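Note sheet for the following structure.
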2 protein chains.
Amino acid sequence: MSRIQTQQKILDAAESLFAETGFNDTSLRQITSRAEVNLAAVNYHFGSKKALIQAVLQRYLKVVMPRLEHQFEVLLARQKPTQLPEVLAVFVQPLLELEQIKRQGTTLFLQLLGRGYTDVQGHLRKFISHHYGSVLNKFVLLVQQSCPGLDAAEIFWRLHFSLGTVVFTMASSEALFDIAAADYHQQADIESVIRRLLPYLAAGIAAPVIYPEQLNSMAQAAS
Amino acid sequence: MSRIQTQQKILDAAESLFAETGFNDTSLRQITSRAEVNLAAVNYHFGSKKALIQAVLQRYLKVVMPRLEHQFEVLLARQKPTQLPEVLAVFVQPLLELEQIKRQGTTLFLQLLGRGYTDVQGHLRKFISHHYGSVLNKFVLLVQQSCPGLDAAEIFWRLHFSLGTVVFTMASSEALFDIAAADYHQQADIESVIRRLLPYLAAGIAAPVIYPEQLNSMAQAAS
DNA sequence: CCTCATTTCAAACACCCGTTTGAAATGTAC
DNA sequence: GTACATTTCAAACGGGTGTTTGAAATGAGG
């Protein structure tokens with residue numbers, strides 16, 4: 001069998017299992033079994049399990065990240081700062097196009113992203129900020145321009161809150177889809193969730209700051 | 001050594017390791033080693049690793065949940081619906097009081113909550129909704145009353161978005177604290193993060209709904 | 001067809017896991 | 001102080017993990 005066929009089969013089996021079970025809880029024997037490939041093939045073709053994980057993520061990142069970077073550059077080249085909802089909407093198209101590259105591509109990628117951030121703490125964060133730091137910087141700059149009332153630290157926290165929202169929602173998206181279907185008789189897909197996410201995130205990021213005194217008065221009023 | 005001393009030492013060691021490394025990636029040997037206790041002690045006193053995990057979580061849940069339920073009942077007994085920020089502020093006091101019960105109690109509990117929701121998919125969700133379903137129902141009811149413009153399904157999704165924000169932020173709080181200290185010269189603690197979280201969550205949950213047409217026009221405008 | 005590099009394969013490696021066991025130690029009541 | 005129950009302990013159990021090995025099979029070029 002040709003080299004690329006085996007590698008492809010391993011990557012396909014690995015990404016689906018990683019998305020379902022997480023990185024640490026998926027064994028190489030499960031992967032090679034689903035890929036119908038010998039156990040040793042992973043270490044022969046990729047070197048190690050860690051390298052396989054990176055390869056699985058890179059297959060999507062190398063497609064999504066350049067498109068995001070280009071869109072961010074377009075917005076940054078404008079004369080006036082872009083509105084926050086428009087900045088966030090940049091993510092929609094590139095993410096949904098992953099669906100064309102591969103069936104369930106968007107869901108798989110976002111689930112993998114979620115797993116990567118929650119499974120092995122910090123690894124994925126460092127990997128992305130190291131390889132795609134310029135993309136992140138442009139995004140943060142756009143958000144800062146759209147929210148002149150917020151200082152850099154506040155934006156840092158709110159963007160991480162938003163990352164948590166996305167990552168957690170996608171990591172547990174299957175369970176959420178099931179609950180939504182059972183309790184609210186609505187069949188949810190990845191696009192409808194993205195559609196629901198955007199206004200939530202935009203409102204959260206741009207929320208007015210509440211100062212400590214107000215928090216205390218709120219807590220007292222509730223007791 | 002008395003029974004409760006050994007059990008306490010195991011619970012203390014387990015919860016800190018669980019919070020740091022997650023449930024699946026923490027071994028009983030690590031726990032008993034940190035607790036300075038024999039390996040077999042966990043199975044002798046708790047029965048199994050799964051039962052130990054539940055015991056660790058229950059130590060906090062049995063304190064927090066009744067307090068939350070009482071506060072929710074007070075708000076529900078009012079004549080007029082409560083404002084959303086006030087509903088969310090209910091969580092602050094009970095969570096911060098965990099700090100008095102045990103040093104770092106609030107952080108530990110929220111980290112454990114995050115781990116429980118992301119590590120073993122669905123287990124903790126079922127456990128909480130089974131044992132504390134009435135508390136959750138009262139909270140959801142209060143949110144619905146405070147946001148009459150949102151239907152039940154929209155609120156379901158937005159509350160899960162918010163759960164994701166909290167859980168992810170707390171699971172990776174150590175890393176975020178470090179970054180915030182290094183990049184923004186601000187020492188962050190759990191209370192300051194909660195203070196930043198509330199306005200973000202309140203704005204996100206109460207955000208105006210955006211309909212598909214607007215989303216499309218937004219995406220096009222950005223391209 | 002022979003040669004040589006690439007790829008596959010079964011088997012084994014060393015290690016870590018949660019759990020169990022049965023004896024030794026400790027605590028407790030009479 | 002003896003008798004009994006509780007708790008601790010070292011050791012082992014069966015099973016799963018990622019990785020390595022060396023031989024067998026398959027590929028491509030002269």
Side-chain angles (χ1 to χ4, degrees), chain A residues 1-59 112 115-116 118-124 127, chain B residues 1-59 112 115-116 118-124 127:
Chain A
M1 197 183 317
S2 76
R3 177 183 359 174
I4 57 170
Q5 272 184 22
T6 301
Q7 290 185 345
Q8 199 91 359
K9 290 205 296 182
I10 293 175
L11 285 173
D12 289 343
E15 79 169 6
S16 63
L17 281 167
F18 285 154
E20 290 169 22
T21 334
F23 295 109
N24 293 340
D25 293 348
T26 300
S27 70
L28 293 184
R29 284 167 178 81
Q30 289 177 269
I31 294 171
T32 54
S33 170
R34 178 175 290 195
E36 293 175 327
V37 146
N38 186 271
L39 168 62
V42 170
N43 288 283
Y44 176 75
H45 285 285
F46 295 94
S48 68
K49 183 182 180 182
K50 196 169 184 175
L52 173 64
I53 294 175
Q54 291 193 352
V56 166
L57 286 168
Q58 271 288 43
R59 212 162 42 146
L112 291 171
R115 298 292 187 180
T118 54
D119 273 20
V120 275
Q121 204 47 272
H123 268 210
L124 181 61
F127 181 81
Chain B
M1 200 184 310
S2 76
R3 176 183 2 177
I4 55 168
Q5 269 184 23
T6 301
Q7 290 184 343
Q8 200 92 357
K9 289 206 295 183
I10 292 175
L11 286 173
D12 289 342
E15 77 168 9
S16 62
L17 281 167
F18 285 155
E20 290 170 23
T21 334
F23 295 110
N24 293 339
D25 295 348
T26 300
S27 70
L28 294 185
R29 284 169 176 81
Q30 289 177 268
I31 295 171
T32 54
S33 170
R34 178 176 292 195
E36 293 175 325
V37 149
N38 185 271
L39 169 62
V42 170
N43 288 283
Y44 175 77
H45 285 286
F46 295 94
S48 67
K49 184 182 179 181
K50 196 170 183 174
L52 172 63
I53 293 175
Q54 290 194 352
V56 167
L57 286 169
Q58 272 288 42
R59 214 163 39 146
L112 291 171
R115 296 293 186 182
T118 54
D119 272 21
V120 276
Q121 206 43 275
H123 267 209
L124 181 61
F127 180 83

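All values derive from a computational prediction rather than experimental measurement. Every chain is numbered from 1, with letters handed out A, B, ... down the list of sequences.
- Here the side chains of B:F46 and B:Q54 are not in contact, with every heavy-atom distance at 4.5 Å or above.
- Counting any heavy atom pair closer than 4.0 Å across all strands shown, A:T32 reaches no nucleic acid atom.
- Taken residue by residue, residues 47-58 of chain B places heavy atoms nearer than 4.0 Å to DNA chain C at B:S48, B:K49.
- Applying the 3.5 Å distance criterion, the base of D:dG18 shares a donor-acceptor pair with the side chain of A:R29.
- Note that CG of B:D12 and CD1 of B:I31 are 12.0 Å apart. Values are rounded to the nearest 0.5 Å.
- In this structure, B:L11 CG and B:S16 OG are separated by 11.0 Å, a value rounded to the nearest 0.5 Å.
- A:E36 places its CD atom 15 Å from the C1' atom of C:dC9, with the value rounded to the nearest Å.
- Here C:dT7 presents its P atom at 12 Å from CD1 of A:I10, a figure rounded to the nearest Å.
- Closest to the side chain of B:N38, from the set C:dA11, D:dA10, C:dC9, is D:dA10.
- Listed pair A:S27 / D:dT17 meets the phosphate criterion, a side-chain N or O lying under 4.0 Å from OP1 or OP2.
- For B:F46 and C:dG18, the CZ to C1' distance is 16 Å, given to the nearest whole Å.
- Nucleotide C:dC16 holds its C1' atom 14 Å from the CG atom of A:N24, rounded to whole Å.
- For B:L28 and C:dT19, the CG to P distance is 6 Å, given to the nearest whole Å.
- When atom types are taken as modelled, the side chain of B:R115 and the backbone of B:E20 share a donor-acceptor pair closer than 3.5 angstrom.
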Would you please test A:N24 and B:N24 for side-chain hydrogen bond (donor to acceptor under 3.5 Å, both in side chains) and show each step?
CA-CA 9 Å; A:N24 293 340; B:N24 293 339; over 6 Å; no
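- Each of D:dT19, D:dT7, C:dT7 was ranked by its minimum atom distance to the side chain of A:Y44; first place goes to C:dT7.
- Checking D:dA10, C:dT20, D:dG18 against every side-chain atom of B:N43, the shortest atom distance belongs to C:dT20.
- The distance between atom CD of B:Q30 and atom P of C:dC16, rounded to the nearest whole Å, is 11 Å.
- Nearest to the side chain of B:H45, among D:dT8, C:dC17, D:dG18, sits D:dT8.
- Atoms NZ (B:K9) and P (D:dT7) sit 15 Å apart, rounded to a whole Å.
- Residue A:A40 places its side chain closer to D:dT20 than to any other of D:dT8, C:dC17, D:dT20.
- Side chain of B:T21 to main chain of B:F18: no donor-acceptor pair is present (N/O by atom type, distance under 3.5 Å, no hydrogens or angles).
- Using a distance-only test at 3.5 Å, with no hydrogens or angles considered, a donor-acceptor pair links the side chain of A:K49 to the main chain of A:F23.
- The separation between A:Q7 atom CD and C:dT7 atom P is 8 Å, rounded to whole Å.
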